[in-house]
Amino acid sequence: MNQAAEYNQKGTGERQFLLFQTELICVGFALSFGLQAYLTYRLPQFMDTLRFTSSLERGIILGIIFGFGIFITRVIAERFPESNAFLRVGLGTLLGGTMLNIAIFTYDVLLNNTVPQGILISASSVLISPGYASGGLVRLRPVRMIISATTVMAALAGSWWGHILLTRAAVSMTPIFFYEYLWSPTQVLVTMLLVALPKQSLGISEIYRLAAIKFRPGSRNPQGFLS
């Protein structure tokens, strides 16, 4: 009886931490994409109510779908340690990348009233997803955060400058996000960096989870992200 109660208690605790992980991931991406929309919104007034409400709406919608895709990627890569690592990373990349594509497609169609063209968004999604999947196999949390931040920056920069180069060749392809064409490369990179920072709330969630499980009655030293 005691064993059954302990098992149920452990399962309930794990589900609570799983829910917390999902919420924090979505919040991190919502903040990132809301900031992206706010900084690039085409209005002369920087502190404008329309700019704020529109950015909040876009951040929430895109953040929830995008964050869920990243969460799926991390769960597949880290939840099944008995499976082959390459298989987990590959499957996580496939499913996570699909969710990221859906998120950006939904964002462009519903909020930007445009239908994405070309392969830049798909290629960027495939770049972001394995970054989170493979980073999840690394035990050091700072290294995980560096890997994920690097892949996000590379995807944002690659899709935008790929769009610029293809536009000069009269080829139309949609990037993940649009920036002002008159912006300098430095201004674009700084904006991308500011947008990438809130996504690293994943690292905060890991620290919280480890601390909470460590001091939970009857717990042992956990291994992995969601184990």
Side-chain angles (χ1 to χ4, degrees), residues 20-43 46-74 95-118 120-133 135 144-145 147-163 173-181 183 187-205:
F20 177 81
Q21 291 280 351
T22 307
E23 293 173 349
L24 197 54
I25 289 172
C26 291
V27 168
F29 277 92
L31 289 174
S32 292
F33 295 133
L35 181 60
Q36 161 71 33
Y38 191 87
L39 294 176
T40 58
Y41 205 88
R42 292 184 174 179
L43 277 178
F46 189 75
M47 301 296 293
D48 186 84
T49 302
L50 178 60
R51 179 194 291 266
F52 178 79
T53 55
S54 178
S55 301
L56 182 63
E57 175 189 31
R58 292 164 184 256
I60 291 175
I61 294 176
L62 185 55
I64 290 175
I65 307 176
F66 210 92
F68 185 68
I70 293 298
F71 180 74
I72 290 177
T73 302
R74 297 292 295 268
L95 295 180
T98 301
M99 285 297 301
L100 303 189
N101 267 296
I102 293 174
I104 300 174
F105 182 86
T106 303
Y107 174 82
D108 283 336
V109 172
L110 296 183
L111 300 178
N112 293 335
N113 296 319
T114 60
V115 178
Q117 299 178 351
L120 290 179
I121 292 178
S122 298
S124 300
S125 300
V126 172
L127 177 61
I128 294 174
S129 189
Y132 280 94
R144 295 184 183 187
M145 297 170 68
I147 293 175
S148 59
T150 300
T151 56
V152 169
M153 285 288 296
L156 293 177
S159 68
W160 174 243
W161 278 302
H163 165 75
M173 289 195 182
T174 307
I176 296 180
F177 294 124
F178 281 92
Y179 302 88
E180 291 292 342
Y181 290 98
W183 282 8
Q187 189 173 1
V188 173
L189 283 175
V190 170
T191 303
M192 291 177 179
L193 180 60
L194 292 175
V195 170
L197 289 178
K199 298 182 178 71
Q200 303 317 311
S201 61
L202 290 170
I204 300 175
S205 68

Counting distance only, does the side-chain N/O of H163 pair as donor-acceptor with the main-chain N or O of M173 below 3.5 Å?
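The answer is yes, because a donor-acceptor pair under 3.5 Å joins these two groups.
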Is S129 reaching over with its side chain to a backbone N or O of S125, donor-acceptor style, under 3.5 angstrom?
no
Out of curiosity, [X] [atom1] to [Y] [atom2], how far, rounded to the nearest 0.5 Å?
{"X": "F178", "Y": "Q36", "atom1": "CZ", "atom2": "CD", "result": "11.5 Å"}
{"X": "L56", "Y": "T53", "atom1": "CG", "atom2": "OG1", "result": "8.0 Å"}
{"X": "T191", "Y": "F177", "atom1": "OG1", "atom2": "CZ", "result": "12.0 Å"}
{"X": "I128", "Y": "L156", "atom1": "CD1", "atom2": "CG", "result": "6.0 Å"}
{"X": "I60", "Y": "F29", "atom1": "CD1", "atom2": "CZ", "result": "16.0 Å"}
{"X": "L127", "Y": "M153", "atom1": "CG", "atom2": "CE", "result": "12.0 Å"}

Show your reasoning for whether side chain to side chain contact (heavy atoms under 4.5 Å, CB included) applies to F71 and M99.
CA-CA 10 Å; F71 180 74; M99 285 297 301; over 6 Å; no
What's the shortest heavy-atom distance between [X] and [Y], and which atoms?
{"X": "S124", "Y": "I176", "answer": "CB-CD1, 3.2 Å"}
{"X": "L35", "Y": "L194", "answer": "CD2-O, 3.5 Å"}
{"X": "V195", "Y": "S32", "answer": "O-OG, 2.8 Å"}
{"X": "P175", "Y": "S159", "answer": "CB-O, 3.4 Å"}
{"X": "I121", "Y": "T174", "answer": "CG1-O, 3.4 Å"}
{"X": "P116", "Y": "V109", "answer": "CD-CG2, 4.3 Å"}

Would you please test V190 and W183 for side chain to side chain contact (heavy atoms under 4.5 Å, CB included) and show each step?
CA-CA 11 Å; V190 170; W183 282 8; over 6 Å; no
Could you tell me how the ring of F33 sits relative to the ring of F66: parallel (under 30°), tilted (30 to 60°) or perpendicular (over 60°)?
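Taking F66 first and then F33, their aromatic rings stand perpendicular (interplane angle over 60°).
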Evaluate the ring planes of F52 and Y38, with Trp represented by its six-membered ring, and classify them as parallel (under 30°), tilted (30 to 60°) or perpendicular (over 60°).
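Rings of F52 and Y38: perpendicular, as their planes differ by over 60°.
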Do S54 and R58 have a side chain donor and acceptor closer than 3.5 Å?
yes
Check the pair Y107, I65 against side chain to side chain contact (heavy atoms under 4.5 Å, CB included), reporting the backbone distance first and the verdict last.
CA-CA 10 Å; Y107 174 82; I65 307 176; over 6 Å; no
